[in-house]
J.: 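Take this structure, written in structure tokens, and hold onto it; I'll ask about it next.
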Number of protein chains: 2
Amino acid sequence: MTTETDFDKATAVRPAEGTDDRYRADFSTDWLNHGHVNGGFLLAVAARALGERLAQGPARVDPFALSAHFLSRSAPGPVEIRTDVVRQGRQLSTGTASIVQTDQKGVQAERVRITGTYRDLDTLNDEVFTSATAPDLPPREECVSTETASNEILSRSQLHQHLDLRLDPRTTGWSNEEGPSGEGAARGWMRFRDGREPDPLALLLASDVLPPVTFDLGAAGLPLTVHMSVHVRAKPAPGWLRLSQRTSNYAGGFLEQDVEIWDSKDRLALQARHLIYVVPFSG
Amino acid sequence: MTTETDFDKATAVRPAEGTDDRYRADFSTDWLNHGHVNGGFLLAVAARALGERLAQGPARVDPFALSAHFLSRSAPGPVEIRTDVVRQGRQLSTGTASIVQTDQKGVQAERVRITGTYRDLDTLNDEVFTSATAPDLPPREECVSTETASNEILSRSQLHQHLDLRLDPRTTGWSNEEGPSGEGAARGWMRFRDGREPDPLALLLASDVLPPVTFDLGAAGLPLTVHMSVHVRAKPAPGWLRLSQRTSNYAGGFLEQDVEIWDSKDRLALQARHLIYVVPFSG
């Protein structure tokens, strides 16, 4: 029916031989973000493995409410995903997934621990009583494309080369002579460059592809995600996604980053919150 | 140094004999909310057990970033809390805790699964670059006290009898002839009636004691929490807490409830998000 796309290949998981709860995957260097494995990418791989595990049960399952606690820094290369079923109900199923890597000395380290509650998103009713509104974005042709950006921060990410990302210029002053706005926001349009349409797994990736809000705050330091909480609130319609990130509480070296993803039919498809540690630049 | 308070007694955990990873506790009928064990109370008990477990390691630990996936409905009575250490680092430690109850037929059921990242909150630096502002609350004497409320929903909760809760009257129209505002908010002042000062565990309880935002929305149905994500961002100063809850996305039968708790020194001490299923009243 469909050709396997870049994203589907990169996040593919296969059962580990002789087990029904372990999966293998490979973190490709072709999806790194400035040398690092992206948090949303990790989450998509873990959620895919957990989804396959829970699909062994009776219910149709999509990722719905996910928590990810990041434990150590991932590297490109092979990974094992260990899954555990916590509860399988008629509507909601919950499980855990750990991504584990073995280093060159043979030492195993857990990279991320996720707990996920899954459900069939197609059975959500269509009633919307909502005051949330989609981000006010300029037309795509007036946005800053990561493809044409001269700024190294935008252009040196293999991950972003799979995406067509158009950033709201009101949130990219940090990349040019305007300077950061100080608002602590990032907004933009996104789709996959190869035309793959969004689905819940793609939303997990998309929840972590905008520039960190620290750039727009003008905050020095390396942002490191400690915790992600993600709610997939609707299966996204085909077409462009609109992404929005903002923070209101940068204190004690940590900040929250609230993410919204809106689909082409004006549905709020994902709400996420990241807890981010801003590692001071030593010097 | 201190007398054990109501809240400390109610959330007390003791090691299960012969183990170093299991704890026992009792859900008292004296802390029920309309016949149910409150989600914030559950979280406080689980977080306390996990904190004791992680305190066996080298680091001083306070609950910092917690995820709770609710699995089945708790009942008053004895519980077992099973803990697991995921990672102990110099600054951050992560573990899991499950609350398990055994029913009258001897069947065990897991009530909630939490994953918690802990750290020493005293070592957070004092720098605050924040645009968040404390909720604008009327003076306490102009607020609606749960003690004097004639409304049954407010007055028939044993849990709330341990609290001095003063609700912003702009968010309590649902309890009188004014009717719900439709904004989807709840706000108020809170302290323990016995004078116990707030700490991180108390914040976990406080993150779930306001009336659900469904009341102020005028949404029919029983709110049932599926997932909680909680960040304790500062050790609260002594004195009254200011609590705020709001929603912006009630869709497909689910809504997010964003919680903020501010302390008496105007620090944003807790940020939480609940994912709530609104169970339709059958009729």
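Chain naming here is simple, since letters A, B, ... match the order of the sequence lines and numbering starts at 1 in each. None of these values were measured; they are calculated from a predicted model. Basis for what follows: all heavy atoms, side chains included, without hydrogens, waters or symmetry-related copies.
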J.: Just checking, is any N or O donor in the side chain of B:Thr94 or A:His69 under 3.5 Å from an acceptor N or O on the other one?
T.: no
J.: At a 4.5 Å cut-off on heavy atoms, which part of B:Leu217 comes close to chain A: side chain, backbone, both, or neither?
T.: neither
J.: Hey, are the side chains of B:Ser248 and A:Gln271 touching, using non-hydrogen atoms and a 4.5 Å cut-off?
T.: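 Sidechains of A:Gln271 and B:Ser248: in contact.
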J.: Could you list the residues that satisfy ring-ring contact (aromatic ring centres under 6.0 Å, His included) with B:Tyr250, not counting sequence neighbours?
T.: A:Phe129
J.: Tell me, for B:Thr96 versus chain A, whether the close heavy atoms (under 4.5 Å) come from the side chain, the backbone, both or neither.
T.: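 Only the side chain of B:Thr96 comes within 4.5 Å of chain A.
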J.: Would you mind telling me which of B:Glu260, B:Arg87, B:Arg267, B:His227 has the largest number of heavy-atom pairs within less than 4.5 Å of chain A?
T.: B:His227
J.: Between B:Leu268, B:Leu71, B:Leu124, which has the largest tally of heavy atom pairs under 4.5 Å with chain A?
T.: B:Leu71
J.: Holding to side chain to side chain donor-acceptor pair (under 3.5 Å), I want the full list of residues that pass it with A:Arg273, two or more places apart in sequence or in another chain.
T.: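 Applying side chain to side chain donor-acceptor pair (under 3.5 Å) to A:Arg273 gives A:Asp258.
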J.: If I measure from the heavy atoms of chain A, does B:Leu66 come under 4.5 Å with its side chain, its backbone, both, or neither?
T.: backbone
J.: Any idea which of B:Asn125, B:Leu92, B:Thr123 has the most non-hydrogen atom pairs under 4.5 angstrom with chain A?
T.: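 Sorted descending by pairs with chain A, the first entry is B:Asn125.
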J.: Are side-chain heavy atoms of B:Phe64 and A:Leu275 found at a separation under 4.5 Å?
T.: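 Result yes, sub-4.5 Å side-chain heavy-atom pair found.
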J.: Is it the case that the side chain of B:Arg233 and the backbone of A:Phe254 share a donor-acceptor pair, with hydrogens and angles ignored and the cut-off at 3.5 Å?
T.: yes
J.: Could you have a look at B:Glu110, B:His231, B:Glu183 and say which one has the most heavy-atom pairs with chain A under 4.5 angstrom?
T.: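 Answer, by heavy-atom pair count under 4.5 Å with chain A: B:His231.
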J.: Please classify the contact of B:Arg246 with chain A as side chain, backbone, both or neither, using a heavy-atom distance under 4.5 Å.
T.: neither
